[in-house]
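Take a look at the structure below.
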Amino acid sequence: MKPAHEKPTVLIVDDSADNLSLLNELLRDRYRVKVANHGNAALRIMQGETLPDLILLDIMMPEIDGYEVCRRLKADPRTRDTPIIFLTAKVGVEDEQHGLALGAVDYITKPISPPIVLARVQTQLHLKAAA
């Protein structure tokens with residue numbers, strides 16, 4: 001359990017340096033931000049001692065896609081309760097259904113709306129804290 005004064009940590013996973021930069025800029029004043037530029041890096045971070053409070057996860061990445069990252073995290077008892085919000089250019093209904101079926105708590109399509117991303121991150125962090 002984190003002390004009340006400590007900022008929640010958000011892990012951003014995206015293979016685009018521009019997207020990582022944009023999201024880091026958007027979130028860093030309110031949250032501690034960690035970044036991973038591919039799925040395997042995210043999985044390594046999630047093996048660390050301190051887990052992030054929330055993950056913003058791109059789907060289309062080389063080597064291991066966001067769906068597989070989500071599947072692996074939800075299969076692990078240690079990481080299964082970490083909320084995942086997909087942040088992706090995949091706009092199909094079936095893509096969103098698949099992401100939510102894997103256990104994601106939300107699905108945001110790119111290009112992002114900064115106020116919407118902030119609101120959804122805040123909502124999920126409040127829900128997690130209340131649980």
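- In the hydrophobic clustering of this structure, V117 groups with L125; members are Ile, Leu, Val, Met, Phe, Trp, Tyr whose side-chain heavy atoms approach within less than 4.5 Å, directly or through other members.
- A pairwise comparison of heavy atoms in P8 and D53 identifies CA-OD2, 3.2 Å as the closest pair.
- In the hydrophobic clustering of this structure, V35 does not group with I55; members are Ile, Leu, Val, Met, Phe, Trp, Tyr whose side-chain heavy atoms approach within less than 4.5 Å, directly or through other members.
- Residue C70 comes nearest to F86 through the heavy atom pair CB-CZ, 3.6 Å, listed as atom of the first residue, atom of the second, then distance.
- The main-chain N or O of A119 is found under 3.5 Å from a side-chain atom of T123 such that the two form a donor-acceptor pair.
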V121 and V10: CA distance, side-chain angles, deciding distance, side-chain contact (heavy atoms from CB on, under 4.5 Å) verdict: CA-CA 9 Å; V121 165; V10 176; 4.3 Å; yes
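- Expressed to the nearest 0.5 Å, how far OG1 of T82 lies from CZ of R78 amounts to 8.5 Å.
- In the hydrophobic cluster analysis, where Ile, Leu, Val, Met, Phe, Trp and Tyr join through side-chain heavy atoms closer than 4.5 angstrom, V33 is grouped apart from L51.
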Check against side-chain contact (heavy atoms from CB on, under 4.5 Å), D65 and M60: CA-CA 6 Å; D65 70 15; M60 296 182 293; over 6 Å; no
Identify every side-chain donor-acceptor pair in residues 99-109 under 3.5 Å, counting partners at least two apart or on other chains, and give the distances.
unit_1 : atom_1 : unit_2 : atom_2 : d
D106   : OD1    : R120   : NH1    : 3.3
Y107   : OH     : K90    : O      : 2.7

Stepwise side-chain contact (heavy atoms from CB on, under 4.5 Å) check, N19 with D58: CA-CA 10 Å; N19 289 339; D58 186 26; 5.6 Å; no
List the steps and the verdict of side-chain contact (heavy atoms from CB on, under 4.5 Å) for V69 and I64. CA-CA 7 Å; V69 171; I64 175 174; 4.0 Å; yes
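- The NZ atom of K7 sits 6.5 Å away from atom CG of D29, with the distance rounded to the nearest 0.5 Å.
- Residues K128 and P52 come closest through the heavy atom pair NZ-O, 4.1 Å.
- Residues L87 and I112 are in side-chain contact: their nearest non-hydrogen atoms beyond the backbone lie under 4.5 Å apart.
- In this structure, OH in Y31 is found 14.5 Å from CD in E6, a value given to the nearest 0.5 Å.
- Distance check: Q47 CD to T79 OG1 gives 9.0 Å after rounding to the nearest 0.5 Å.
- L26 has its side chain within reach of L118: a pair of non-hydrogen atoms, C-beta onward, lies under 4.5 Å apart.
- L11 CG to T9 OG1: the interatomic distance, rounded to the nearest 0.5 Å, is 9.5 Å.
- Using a 4.5 Å cut-off between side-chain heavy atoms of Ile, Leu, Val, Met, Phe, Trp and Tyr, with links allowed through other members, I12 and L57 fall into different hydrophobic clusters.
- Minimum heavy-atom separation, V13 to A42: CG2-CB, 3.6 Å.
- The distance from atom NZ of K110 to atom CD1 of I59, rounded to the nearest 0.5 Å, is 9.0 Å.
- Linking ILVMFWY side-chain heavy atoms closer than 4.5 Å, directly or via other members, places L54 and L20 in a single hydrophobic cluster.
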